[in-house]
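Please read the structure below before turning to the comments.
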There are 2 protein chains.
Amino acid sequence: MGAEDDLTPARKTQAQKTPAQKTPSASGAPARRGRKPARAVEPDDADDAAEASDLDLTGLTSVVGYTLRRAQMAVFEDFSARFATLDLTPAQYSVLLVIADNPGRKQSEIARVLGIQRTNFVVMLDQLEKRGLAERTRSATDARSHAVFLTKAGTALLNKARKLQSAQEEDFASLLGPGGRDTLVALLRKVARID
Amino acid sequence: MGAEDDLTPARKTQAQKTPAQKTPSASGAPARRGRKPARAVEPDDADDAAEASDLDLTGLTSVVGYTLRRAQMAVFEDFSARFATLDLTPAQYSVLLVIADNPGRKQSEIARVLGIQRTNFVVMLDQLEKRGLAERTRSATDARSHAVFLTKAGTALLNKARKLQSAQEEDFASLLGPGGRDTLVALLRKVARID
DNA sequence: AAATATTGTTATGATCCATATCAATTAAAC
DNA sequence: GTTTAATTGATATGGATCATAACAATATTT
């Protein structure tokens with residue numbers, strides 16, 4: 001594929017999309033036809049954006065799949081913003097972490113455990129290798145496979161990344177309460193069927 | 001402009017690797033964050049992403065972002081399998097649901113509340129309209145905007161979908177325990193900052 | 001030795017998401 | 001009331017992600 005694509009640190013990372021909400025069009029339009037939200041459990045509302053539109057979202061906000069997707073998008077965005085200075089995507093971070101914890105394993109093993117197709121993992125590794133963060137070495141026992149390691153630079157970058165990541169986890173902890181974060185992770189692991 | 005895509009209702013619904021686990025019991029060992037599983041002899045582990053390899057994943061399995069992503073992928077896959085007969089993607093289901101609860105609203109409103117760019121929403125609506133599930137009507141008060149409604153067929157399909165969706169939620173409830181599902185949704189809403 | 005499987009790789013297409021741009025229309029400024 | 005700005009729907013386009021087919025080199029099985 002070649003090309004000197006990477007090195008572009010600026011992904012998108014632009015967040016807020018609902019800054020201003022014009023006043024709901026008057027003209028006697030039927031504002032709401034569905035039923036009211038009638039929300040029961042909601043500790044903290046007192047925000048903007050949410051009430052910006054008076055659309056009824058109650059059909060979705062208690063659906064696991066939908067809240068999962070929205071949460072993932074929000075967390076992904078937050079992650080990207082934090083890691084912009086390191087120019088690391090969430091996927092790249094996960095790769096570095098797994099390599100660090102499992103040095104010398106085959107490409108296909110790293111890819112599989114992360115749920116990445118080994119064919120797509122090739123390009124990911126290419127990029128990390130091009131940036132001098134990871135390296136492939138030929139296995140002595142199997143000439144087909146490549147043993148994957150982190151370079152010194154890769155380890156150094158990963159350590160910086162770990163700190164940013166810890167900060168994010170702490171923010172989750174303070175957002176969700178003491179055991180809230182742990183509970184969330186435990187529930188998600190069950191749903192994802194990892195471990 | 002834009003070719004006809006395909007009229008074939010049968011999308012792709014790629015190879016399903018996890019054919020809907022209806023048996024949600026599976027409450028085996030909860031949250032083992034220890035070392036390797038020691039792997040008892042059981043190589044016929046049907047599932048691919050299984051931890052057939054003894055790689056160390058502990059660096060990731062307690063990260064909110066990673067577990068979120070894996071959970072979302074798993075749920076998405078499960079959803080797609082369940083909804084294959086209806087030929088509905090999760091995104092399409094969410095659109096139908098919001099339209100049903102908010103009939104007559106503008107495209108841009110529906111899109112915004114779902115976090116979809118209004119430019120991308122155009123194509124989504126095109127497809128739903130082509131299938132006779134939704135329809136646009138010109139607003140009498142504002143010649144720019146289109147009021148969106150479900151057709152009879154759209155309502156009928158949505159009702160079928162709701163049942164499948166309820167079944168999925170029930171499976172989550174039995175997988176995660178009594179209040180587990182509700183707790184998960186509440187936590188995810190906080191993280192996603194919806195409501 | 002021949003057939004088969006694994007590993008890394010390339011190429012390709014599909015899907016999703018974001019941006020720039022545009023025409024029609026409405027709202028706001030003057 | 002005319003000019004200017006904002007909104008709405010739409011098209012085109014590029015990037016990122018993901019899946020599949022095909023292939024060469026090597027290893028394993030028969």
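Just so we're clear, the structure is a prediction, and the values are computed from it rather than from any experiment. Throughout, a chain's letter reflects where its sequence line sits, starting with A, and its residues are numbered from 1.
Counting only heavy atoms from C-beta on, Arg118(A) has its side chain closest to dT9(C) among dT9(C), dG9(D), dA18(C). Nearest to the side chain of Arg144(A), among dA5(C), dA24(C), dC17(C), sits dA5(C). Closest to the side chain of Gln117(A), out of dT20(D), dG8(C), dT8(D), is dT20(D).
In this structure, the CZ atom of Arg70(B) is 15 Å from the C1' atom of dT17(D), given to the nearest Å. Between the P atom of dG9(D) and the CD atom of Glu135(B) lies a distance of 15 Å, rounded to the nearest Å. Atoms CE (Met73(B)) and P (dT15(C)) sit 17 Å apart, rounded to a whole Å. Ile110(B) has its CD1 atom 13 Å from the P atom of dT8(D), to the nearest Å. The interatomic distance linking Glu77(A) (CD) with dA16(D) (P) rounds to 16 Å, in whole Å. When rounded to the nearest whole Å, the span between CD1 of Ile116(A) and C1' of dG8(C) equals 15 Å. Here the P atom of nucleotide dG15(D) and the CD atom of Gln127(A) are 13 Å apart, to the nearest Å. Put simply, CG on Asp142(A) is 8 Å from C1' on dT6(C), counting in whole angstrom units.
Ion pairing of Arg193(B) with Asp78(A) is absent here, as no side-chain N (NZ or NE/NH1/NH2) approaches a carboxylate O to less than 4.0 Å. In summary, Lys106(A) and Asp142(A) do not engage in a salt bridge, as defined by a charged side-chain N under 4.0 Å from a carboxylate O.
Between Arg69(A) and Gln107(A), the one whose closest nucleotide on DNA chain C sits nearer the 5' end is Gln107(A). Place Leu125(A) and Thr119(B) on DNA chain C by their nearest nucleotides, and Leu125(A) ends up nearer the 5' end. Nearest-nucleotide assignment on DNA chain D puts the 5′-proximal partner with Ala147(B), out of Ala147(B) and Ala91(A).
Contact annotation for Asn120(A): base contact, defined as any heavy-atom pair under 4.0 Å involving a base atom. Residue Arg136(A) is in sugar-phosphate contact alone, with no base atom involved, counting any heavy-atom pair closer than 4.0 Å across all strands shown.
Looking at heavy atoms from C-beta onward, Thr85(A) lies out of side-chain contact with Lys160(A) at the 4.5 angstrom threshold. With contacts defined as side-chain heavy-atom distances shorter than 4.5 Å, the pair Asp54(A)/Arg105(B) qualifies.
Using cut-offs of 30° and 60° on the angle between ring planes, the pair Tyr93(B) and Phe79(B) is tilted.
Considering only side-chain N and O atoms, Ser108(A) lies under 4.0 angstrom from the phosphate OP1 or OP2 of dG8(C).
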